[in-house]
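The first residue in the sequence is number 1, and the count goes up from there.
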Amino acid sequence: MKEKRYYSIKEVAEMVSESEPTLRYWESEFPNHITPRRNEHGARFFTEKDIEDVRLIKHLLRNGKLKIEGAKKRLESRMDETKRNSKLLTHLQNIRKELKELQDAMDAAVTV
């Protein structure tokens, strides 16, 4: 399946499990990191890089338990390490999900 070039705010909100108003707020607070394109009607369209940055900010705020100002400082001072940690966490969460699916499939096969 071909990957899309742009994603709507609704699609991104579903991908990262956050609300659309939260994404709009983060966009206003992190203008150097979240910069979706807009069409003539003002609708936002996010690239893969935008989505990666949204995930990074989510990681800092939700998992890192930082407030907005702390996340801004972290992004400015330790961008490479923060990105690496966020990617690692996302990867581990995906592995956990796959393992759970495998366990569920094995449990279903045993009960048959």
**Message:** A side-chain contact here means heavy atoms from C-beta on lying under 4.5 Å apart; do Phe45 and Pro36 qualify?
**Reply:** no
**Prompt:** To the nearest 0.5 Å, what is the distance between CG (Leu66) and NE2 (His59)?
**Reply:** 8.5 Å
**Request:** With rounding to the nearest 0.5 Å, note down the distance linking CZ in Arg62 to OG in Ser17.
**Result:** 10.5 Å
**Item:** Full working for side-chain contact (heavy atoms from CB on, under 4.5 Å) between Ile57 and His33
**Value:** CA-CA 9 Å; Ile57 290 166; His33 299 281; 4.2 Å; yes
**Request:** Give the intermediate values and the outcome of side-chain contact (heavy atoms from CB on, under 4.5 Å) for residues Leu75 and Leu56.
**Result:** CA-CA 9 Å; Leu75 285 170; Leu56 175 60; 3.6 Å; yes
**Message:** Show, in sequence, the C-alpha distance, side-chain angles and deciding distance for Lys4 and Glu11, and conclude whether the side-chain contact (heavy atoms from CB on, under 4.5 Å) test is met.
**Reply:** CA-CA 11 Å; Lys4 291 174 64 173; Glu11 292 171 315; 2.5 Å; yes
**Prompt:** Backbone N or O of Val16 within a donor-acceptor pair of the Lys58 side chain at under 3.5 Å?
**Reply:** yes
**Item:** Inter-residue atom distance Met106.CE - Leu102.CG, 0.5 Å rounding
**Value:** 8.0 Å
**Prompt:** To the nearest 0.5 Å, how far apart are CG in Leu61 and CZ in Arg74?
**Reply:** 11.0 Å
**Request:** For Asp104, check side-chain hydrogen bond (donor to acceptor under 3.5 Å, both in side chains) against everything at least two apart and list the hits.
**Result:** Lys100
Residues 22-31, side-chain donor-acceptor partners within the protein, below 3.5 Å, at least two apart:
{"from": "Thr22", "atom 1": "OG1", "to": "Ser19", "atom 2": "OG", "distance (Å)": "2.8"}
{"from": "Glu27", "atom 1": "OE1", "to": "Arg44", "atom 2": "NE", "distance (Å)": "2.5"}
{"from": "Glu27", "atom 1": "OE2", "to": "Arg38", "atom 2": "NH2", "distance (Å)": "3.3"}
{"from": "Ser28", "atom 1": "OG", "to": "Tyr25", "atom 2": "O", "distance (Å)": "2.6"}
{"from": "Glu29", "atom 1": "OE1", "to": "Lys72", "atom 2": "NZ", "distance (Å)": "3.1"}

**Fill in**
Here the gap from Ile34 atom CD1 to Lys49 atom NZ, rounded to the nearest 0.5 Å, amounts to 9.5 Å
**Message:** So does Thr47 get a backbone contact from the side chain of Asp50, meaning a donor-acceptor N/O pair under 3.5 Å?
**Reply:** yes
**Prompt:** Any side-chain heavy-atom pair from Glu48 and Tyr7 closer than 4.5 angstrom?
**Reply:** yes
